[in-house]
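Structure, as structure tokens:
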Amino acid sequence: WVFIMYQTIDSFPEWRSVYFFTMIFFLAWLVKNVFIAVIVETFADIRVQFKEMWQFRNSPTTSSGTKIVQEQGTGWQLVALNTRCPKGLAPQVCQYILQSTAFHVVMLLLVLANAIVAATIHFDVHRDRREYETYRELLYSVEVAFTILFDLEVVFKVWC
């Protein structure tokens, strides 16, 4: 279907390519949601199995917060986990930025912009060779910029 999409985009007016753009985004959204649903269901089943396993050992099932198992010198115990405690080397302000809604929205907008740029790639054989090379160089520069931004996001998250 990729060849049909390219021929349609190159042959018809540009507004008719909206069908393919919406189809690409819808299919990507659908696959992502199915993948997330499978992961969530798997972890829910694992959580139920662990709860049943710990109930037989008479460990407390009600808790006011998240608990983890840690070694406390004399043996393994459930210890309350402070989720607000920084996990990395970054200052507290970086933790605040990482957990903010604005940071997540900006990253989602960057992903959307990257998808739009990738969707605009087309191969027009009727263009001037020099103009086509300029177009390719611009797309390459934009893709490198997106790659650097996403790499910085990963480094920032690991640092925090």
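What's counted below: heavy atoms across the whole structure, side chains too, no hydrogens, waters or symmetry copies.
Here the closest heavy-atom approach between residue Val117 and residue Phe146 is recorded as CG2-CE1, 3.9 Å. What you find for Phe21 and Ala119 is that their closest heavy atoms are CE2-O, 3.1 Å. When all heavy atoms of Phe103 and Ile97 are compared, the pair lying nearest together is CB-O, 3.1 Å. Across all non-hydrogen atoms, the minimal contact from Cys94 to Trp159 is SG-CZ3, 3.5 Å.
Within the model, atoms OG of Ser100 and CD of Gln95 stand 11.5 Å from one another, a figure rounded to the nearest 0.5 Å. Note that the OH atom of Tyr135 and the OG1 atom of Thr120 stand 4.5 Å from one another [nearest 0.5 Å]. Interatomic distance, Phe150 CZ to Asn114 CG, rounded to the nearest 0.5 Å: 5.0 Å.
Residues meeting the salt bridge (Lys or Arg N to Asp or Glu O under 4.0 Å) test with Arg130, sequence neighbours left out: Asp128. For Val105, the side-chain contact (heavy atoms from CB on, under 4.5 Å) partners at least two apart in sequence or on another chain are Thr101, Leu109. Listed by chain and number, the residues in a salt bridge (Lys or Arg N to Asp or Glu O under 4.0 Å) with Glu143 amount to none (sequence neighbours excluded). Contacts of Leu152 classified as side-chain contact (heavy atoms from CB on, under 4.5 Å), with partners at least two apart in sequence or in another chain: Ile148.
Side chains of Tyr132 and Arg136 form a contact here, defined as non-hydrogen atoms less than 4.5 Å apart. The shortest side-chain heavy-atom distance between Leu138 and Thr134 does not fall under the 4.5 Å cut-off.
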Exercise for the section: Please step through side-chain contact (heavy atoms from CB on, under 4.5 Å) for the pair Leu108 and Leu112, ending with a clear verdict. Expected result: CA-CA 6 Å; Leu108 284 174; Leu112 179 65; over 6 Å; no

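Follow the hydrophobic side-chain contacts under 4.5 Å out from Val106 and you never reach Ile116; the two are in separate clusters. In the hydrophobic clustering of ILVMFWY residues, with side-chain heavy atoms under 4.5 Å counting as a link, Leu98 and Tyr96 come out apart.
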Please report, to 0.1 Å, the donor-acceptor pairs under 3.5 Å made by any side chain of residues 22-32, with sequence neighbours excluded.
residue: Thr22; atom: OG1; partner: Val18; partner atom: O; Å: 3.0
residue: Thr22; atom: OG1; partner: Tyr19; partner atom: O; Å: 2.8

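Within the structure, the side chain to side chain donor-acceptor pair (under 3.5 Å) test picks out the following pairs touching residues 146-158 (sequence neighbours left out): Glu153-Lys157.
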